[in-house]
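Numbering of ligands and ligand atoms starts at 1, following listing order. As a basis for the values below, the full set of heavy atoms in this structure was taken, side chains included, without hydrogen atoms, waters or symmetry mates.
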Amino acid sequence: AVVGIVMWRQPPQHQEWKGAGTTAHFYEIILGRCYTYTQIVRPELGHKDCQKIGKAFTNAFLSKDPCGSTEQDYEPLMELTNQTVPCDKTLLWSKTNELVHEYAWVQRELFTLENTLLGYMADGLRWCGDPGSPEMNYQSCPDRRTDCSNNSVSVFWNTVSKRFAEDACGVVHVLLNGSVHNTFDERSTFARVEVFNLHPEKVHTLQAWVMQDIRNISSDSCSDASIKNLKLILSKRNITFTCENNYRPIRFLQCVKYPEHSSCRSKI
Ligand code: N1C
């Protein structure tokens with residue numbers, strides 16, 4: 001009798017990292033989001049080639065060291081996903097992830113990065129590859145703090161945030177959190193990347209809306225030391241800075257969530 005030799009294929013052995021692995025079904029999700037965005041959300045982008053965009057996305061990190069990610073890795077993806085945001089409609093944020101997207105949902109003409117194709121595709125996902133394998137690493141990915149800062153996800157957000165700021169024109173808005181210790185946090189993407197990549201020839205003003213948690217409204221956040229720092233940085237860059245505490249239209253959104261709160265109870 002012929003005795004067959006059974007070859008057991010080992011599951012791919014990836015390097016182990018401290019962070020969670022690639023989001024399950026990553027490729028299908030980005031492809032689906034690309035079609036949703038270009039066919040339904042913004043049909044004027046219906047000519048974009050989602051198959052090509054999906055391949056360019058995964059080619060940026062597959063078979064590569066996930067701690068050696070570079071801006072150049074994402075260059076082909078960036079070229080395929082260029083998109084114009086109208087002047088005065090760019091909305092930046094820091095530490096206000098939920099509120100800013102609620103506001104952008106209502107004010108449909110405003111664009112956060114997640115309202116552009118690339119931000120929409122990547123929002124909330126994780127991904128990384130491995131130099132020794134052509135597959136994604138679903139087991140673990142580098143943690144920004146304990147493994148490396150040049151990881152595939154952080155480099156992606158730095159790269160797309162940089163382009164988003166470079167492309168902005170007119171008045172740019174930013175929604176900041178007045179209820180955290182550093183309202184303008186020098187380590188944030190907004191501070192490290194976006195503020196320094198606004199072009200003063202195109203962007204004359206940065207208008208900040210500083211929102212406080214409705215459950216503990218404190219004093220004037222615009223006079224906070226970190227905001228003074230932001231103002232100084234912008235004046236050196238020849239960009240006018242304006243700041244408004246608890247901007248009313250956004251306060252109304254907070255009131256939708258806490259209608260019984262005292263600052264929401266007055267009859268308009
Ligand atoms: O570091 P942040 O905020 O200041 O980044 C926000 C800032 C926005 O203006 C966006 O244009 O930078 C851009 N941006 C995103 O749009 C984004 N979506 C999801 C930056 N990061 C983004 N993420 C993820 O959230 C990413 O993993 C990054 O590390 C966090 C940023 O959160 P933050 O500190 O509140």
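Per-atom contact check: atom 4 (O) of ligand 1 touches the protein, criterion being a heavy-atom distance below 4.0 Å. For atom 30 (C) of ligand 1, the nearest protein heavy atom lies 4.0 Å or farther away.
Heavy atoms of Ser188 found under 4.0 angstrom from ligand 1 belong to the backbone as well as the side chain. By the criterion of a heavy-atom distance under 4.0 Å, the side chain of Trp157, and not its backbone, is placed next to ligand 1.
Considering backbone and side-chain atoms alike, Asp123 places every N or O at 3.5 Å or more from each N or O of ligand 1. Where the criterion is an N or O separation shorter than 3.5 Å, residue side chain and backbone included, Phe164 fails it with respect to ligand 1. The N/O atoms of Arg144, backbone and side chain alike, include none that comes under 3.5 Å of an N/O atom in ligand 1.
Residue pairs that meet the disulfide (SG to SG under 2.5 Å) test with at least one member in residues 194-242, sequence neighbours left out, are Cys222-Cys243. Judged as a disulfide (SG to SG under 2.5 Å), not a single pair has a partner in residues 174-220 (not counting sequence neighbours).
Taking every heavy atom of Leu113 and a limit of under 4.0 angstrom, the matching atoms of ligand 1 come to 11 (O), 13 (C), 15 (C), 16 (O). Within ligand 1, the atoms closer than 4.0 Å to a non-hydrogen atom of Glu114 are 15 (C), 16 (O), 17 (C), 18 (N), 19 (C), numbered from 1 in the order shown.
Residue contact check for ligand 1: Gly119 places no non-hydrogen atom closer than 4.0 Å to it.
With a 6.0 Å radius and a threshold of 12 heavy atoms from other residues, nucleotides or ligands, Glu98 has its CD atom at or below the threshold.
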